[in-house]
Amino acid sequence: MDFLFAALKGDSMMHVHPSEIESYLEQEAGLGKSFDVGVRKLTIAGEPLHLYFITGLVDTRFIIELIESLLTVEKKRKEPAIDILKNHFVHQSVEEINDQSKLTVALLSGLIVIAVPDGVFTIDVRSYPGRQPEEPDTEKVVRGSRDGYVENIVINTALTRRRIRDGRLRFEMMKAGSVSKLDIAVGYMEGIADPIIVEKVKKEIESIDIAGVPMADKTVEEFIVKQRYNPFPLVRYTERADIGAAHLLEGHVLLFTDTSPAVMIMPATYLQHLQHAEEYRQLPAAGTFIRMIRYIGLWMSLFLLPLWFLFAQHPEMLPEALSFIGPNEKTKIPLAVQILIADVGIEWLRIAAIHTPMPLSTAMGLVAAVMIGQIAIDTGLFVPEVILYTALAAIGTFSTPSYELGLANKMIRLFFILSIAFFGAAGFVIAFTLFFLFLVRLKPFGAPYLWPLVPFDAKSLLTILIRRQAPEQSGIPQINRVSSD
């Protein structure tokens, strides 16, 4: 293929014959070997024309319309054939290819490649297979829009732009993976988003050195954030277009990854992971009530079970009014072991529910609740209080809107329980101090993770705790103005 490479070294692909392009694609794209790499050879206006496409990524009707338009071309003596053909490419997105590295990527991305003696062109008529926008299962609301992001990056950006009709909205397309060439769009509001964060995100995407990105957004996140074994999420995910649009207006940077319905929001603090669209779809009083209940659930998921275990182990620490706290029965299994088995058992049920077909999930829940839980109490292996408080802690975990934050809180809860089991009250104090200091030191994209608690910002904290009316909302949060002010 040296003759073709030599022809492609310049700034233009002029005078490359379609047969040379065919030989190049046979080697680089599997033309003639892969059944889904198609070609249609025509003679238009006395010139050979080859039309290449990927079956399944291009709608057949677009190919038919394009061929029908080309077949009407007649050779005119004074006009070059290339000018005549360009006027019959019936599509708004036509681009001339001047770089050989873009040729294969364009074809395998779903674009139509048209090769003529005087040039190579791409026509963007991609029609990726996928589902239609629907409400995400993890972010349902009683009232509100039912359209959510899907696995198509073009649809996702369109859903967002439909809600923000402003010329400052930017979607910069990039690619990741030397083999997969995954499409990634960096979304932000120019003049509102911190330009330092925007440039940092784009620089990190450009530096991704990996063959493929099979896990899409999660793989990209690990390259951008580099949080190693830190269990707490440093970016927020959403599958709702209204949430994505709201964060753009607040100055956040969004990352749209093709093949993934989840959009990444940066930066994101601990308390921002606890926000949910339902709060803003209700009246301010009801939204504040829902938010407070959610914060109580967060506290339960972290501290209820460890504190009960601590007081059960050390009843002398309880005041007289709370002397009823603790197990009323004794078993041969240590209390710490019971708690760990019950807490890990709930996690097993969660994992099993994900892997179990829907018709069997209900039966599995009944088996776990009746046959395992009840029999374990009746046979004296568990005390009822352990099941009660473990269940309450699990409910608090499930009430956390962020799935990733709920898992992190569960791991910290187990850390608290083990600290109490080995070191008693002092262990809990030390574990909590380490937990707090760890969160204080986290600064994703320069934003303090515990803001507005650390550093303390009373006005912003009040806004997070109380759902204000739309006219009273301050717009861009202070945390997103730090670098630009």
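Count residues from 1 along the sequence. Fair warning: this is a prediction, and the values are worked out from it, not measured in the lab.
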S.K.: Given S145 and R240, is the side chain to side chain donor-acceptor pair (under 3.5 Å) satisfied, shown in steps?
M.R.: CA-CA 9 Å; S145 61; R240 292 189 62 91; 3.3 Å; yes

S.K.: Indicate yes or no for a side-chain donor-acceptor contact from S69 to the backbone of L66 under 3.5 Å, with no hydrogens or angles considered.
M.R.: no

S.K.: For K202, I'd like to know if atom NZ has over 12 heavy atoms of other residues, nucleotides or ligands within 6.0 Å.
M.R.: yes

S.K.: Under a 3.5 Å threshold, yes or no: a donor from one side chain and an acceptor from the other, between R413 and T397?
M.R.: yes

S.K.: Got a sec: does the CZ of F438 have more than 12 other heavy atoms crowding it under 6.0 Å?
M.R.: yes

S.K.: Among residues two or more places apart or on two chains, list those pairs meeting side-chain hydrogen bond (donor to acceptor under 3.5 Å, both in side chains) that have a residue in residues 280-292.
M.R.: D242-R281, E278-Q282, E279-R291, Y280-R291

S.K.: Answer whether the closest heavy-atom distance between the side chains of V113 and F53 falls below 4.5 Å.
M.R.: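 Side chain of V113 against side chain of F53, heavy atoms only: no contact under 4.5 Å found.
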
S.K.: Only distances under 3.5 Å count here; give the side-chain donor-acceptor pairs of residues 157-169 to other protein atoms, sequence neighbours excluded, each with its distance to 0.1 Å.
M.R.:
unit_1, atom_1, unit_2, atom_2, d
T157, OG1, I153, O, 3.2
T157, OG1, V154, O, 2.9
T160, OG1, Y149, OH, 2.8
T160, OG1, N156, O, 3.0
R161, NH2, L169, O, 3.3
R163, NH1, D147, OD2, 3.3
R163, NH1, L159, O, 3.2
R163, NH2, D147, OD1, 2.8
R163, NH2, D147, OD2, 3.0
R165, NE, R162, O, 3.3
D166, OD1, R168, N, 2.8
D166, OD1, R168, NE, 3.1
D166, OD2, R168, NH2, 3.3

S.K.: Return yes when atom NZ of K140 has more than 12 non-hydrogen atoms of other residues, nucleotides or ligands closer than 6.0 Å, and no otherwise.
M.R.: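 Correct, the count exceeds 12.
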
S.K.: Do H276 and I290 have side chains that get closer than 4.5 Å, going by heavy atoms?
M.R.: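 No - every pair of side-chain heavy atoms lies 4.5 Å or more apart.
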
S.K.: Checking E239 now: which residues fulfil salt bridge (charged side-chain N to carboxylate O under 4.0 Å, His left out) with it, not counting sequence neighbours?
M.R.: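 Partners of E239 by the salt bridge (charged side-chain N to carboxylate O under 4.0 Å, His left out) criterion come out as none, since no residue qualifies.
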
S.K.: Counting only N and O atoms by type, is there a donor-acceptor contact under 3.5 Å from the side chain of H273 to the main-chain atoms of V235?
M.R.: yes

S.K.: How far does CG of L234 sit from CZ of F232, to the nearest 0.5 angstrom?
M.R.: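 Those atoms lie 10.0 Å apart.
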
S.K.: By salt bridge (charged side-chain N to carboxylate O under 4.0 Å, His left out), which residues pair with E151, not counting sequence neighbours?
M.R.: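 Expected list: R131.
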
S.K.: Using a cut-off of 6.0 Å, state whether more than 12 heavy atoms not belonging to M215 lie near its atom CE.
M.R.: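 No.
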
S.K.: Going by atom type alone, with no hydrogens or angles, which donor-acceptor pairs under 3.5 Å involve a side-chain atom of residues 219-226 and a protein atom two or more places apart or on another chain?
M.R.:
unit_1, atom_1, unit_2, atom_2, d
E221, OE1, K218, NZ, 2.8
E221, OE1, Y237, OH, 2.5
K226, NZ, E204, OE1, 2.6
K226, NZ, F223, O, 2.7

S.K.: Please test R143 against V141 for side chain to side chain contact (heavy atoms under 4.5 Å, CB included), starting from the C-alpha separation and ending with a verdict.
M.R.: CA-CA 5 Å; R143 301 188 188 280; V141 294; 6.0 Å; no

S.K.: With a 6.0 Å cut-off (strictly less than), is the heavy-atom count around CZ of R441, excluding the residue itself, greater than 12?
M.R.: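 No, CZ of R441 has 12 or fewer neighbouring heavy atoms, counting only those of other groups under 6.0 Å.
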
S.K.: Begin with the C-alpha distance, continue with both residues' side-chain angles, and end with the deciding distance and a verdict on side chain to side chain contact (heavy atoms under 4.5 Å, CB included) for K175 and D183.
M.R.: CA-CA 5 Å; K175 293 186 183 295; D183 290 326; 2.5 Å; yes

S.K.: In sequence, state the C-alpha distance, the side-chain angles, and the governing distance for F415 and F435, and then conclude on ring pair (Phe, Tyr, Trp, His ring centres under 6.0 Å).
M.R.: CA-CA 10 Å; F415 173 60; F435 163 67; 8.6 Å; no

S.K.: Does A211 have any side-chain contact (heavy atoms from CB on, under 4.5 Å) partners at least two apart in sequence or in another chain, and if so, which?
M.R.: S178, V179

S.K.: Side chain to side chain donor-acceptor pair (under 3.5 Å) with Y403: which residues, sequence neighbours excluded?
M.R.: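 Y403: side chain to side chain donor-acceptor pair (under 3.5 Å) contacts with R350.
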
S.K.: Test of understanding: with salt bridge (charged side-chain N to carboxylate O under 4.0 Å, His left out), list the residues that count as partners of D209, not counting sequence neighbours.
M.R.: none

S.K.: Using the six-membered ring wherever Trp is involved, compare the ring planes of Y449 and Y270 and label them parallel, tilted or perpendicular (cut-offs 30° and 60°).
M.R.: perpendicular

S.K.: Is there a side chain to side chain contact (heavy atoms under 4.5 Å, CB included) between V125 and L111 once you walk through the steps?
M.R.: CA-CA 6 Å; V125 291; L111 280 67; over 6 Å; no

S.K.: In Å and rounded to the nearest 0.5 Å, what is the CG to CG distance from L248 to L254?
M.R.: 4.5 Å

S.K.: Restricting to salt bridge (charged side-chain N to carboxylate O under 4.0 Å, His left out), what partner residues turn up for E26, sequence neighbours left out?
M.R.: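 Result, salt bridge (charged side-chain N to carboxylate O under 4.0 Å, His left out) vs E26: none returned.
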
S.K.: When you check the side-chain N and O atoms of D217 and S260, is any donor under 3.5 Å from an acceptor?
M.R.: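 There is such a pair (donor and acceptor under 3.5 Å, judged by atom type) between the side chains of D217 and S260.
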
S.K.: Would you confirm whether Q27, through its side chain, and Y24, through its main-chain N or O, come within 3.5 Å as a donor-acceptor pair?
M.R.: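 Not at all, since once roles are kept as given, no pair shorter than 3.5 Å links the two residues.
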
S.K.: Show me the donor-acceptor pairs within less than 3.5 Å that the side chains of residues 32-41 make with the rest of the protein, sequence neighbours left out.
M.R.:
unit_1, atom_1, unit_2, atom_2, d
K41, NZ, E22, OE1, 3.2
K41, NZ, E22, OE2, 2.8

S.K.: When you measure from the side chain of D457 to the backbone of S460, do you find a donor-acceptor pair of N or O atoms at a distance under 3.5 Å?
M.R.: yes

S.K.: Not counting sequence neighbours, which residues clear side-chain contact (heavy atoms from CB on, under 4.5 Å) with Q469? List them please.
M.R.: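 With sequence neighbours excluded, Q469 shows a side-chain contact (heavy atoms from CB on, under 4.5 Å) to P284, P471, E472, given in chain and number order.
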
S.K.: For H252 and R236: C-alpha separation, side-chain torsions, deciding distance, then whether side chain to side chain donor-acceptor pair (under 3.5 Å) applies.
M.R.: CA-CA 11 Å; H252 294 267; R236 182 182 176 186; over 6 Å; no

S.K.: Using the salt bridge (Lys or Arg N to Asp or Glu O under 4.0 Å) rule, collect all pairs that involve residues 396-411, keeping only residues at least two apart or in two chains.
M.R.: D343-K410, E347-K410

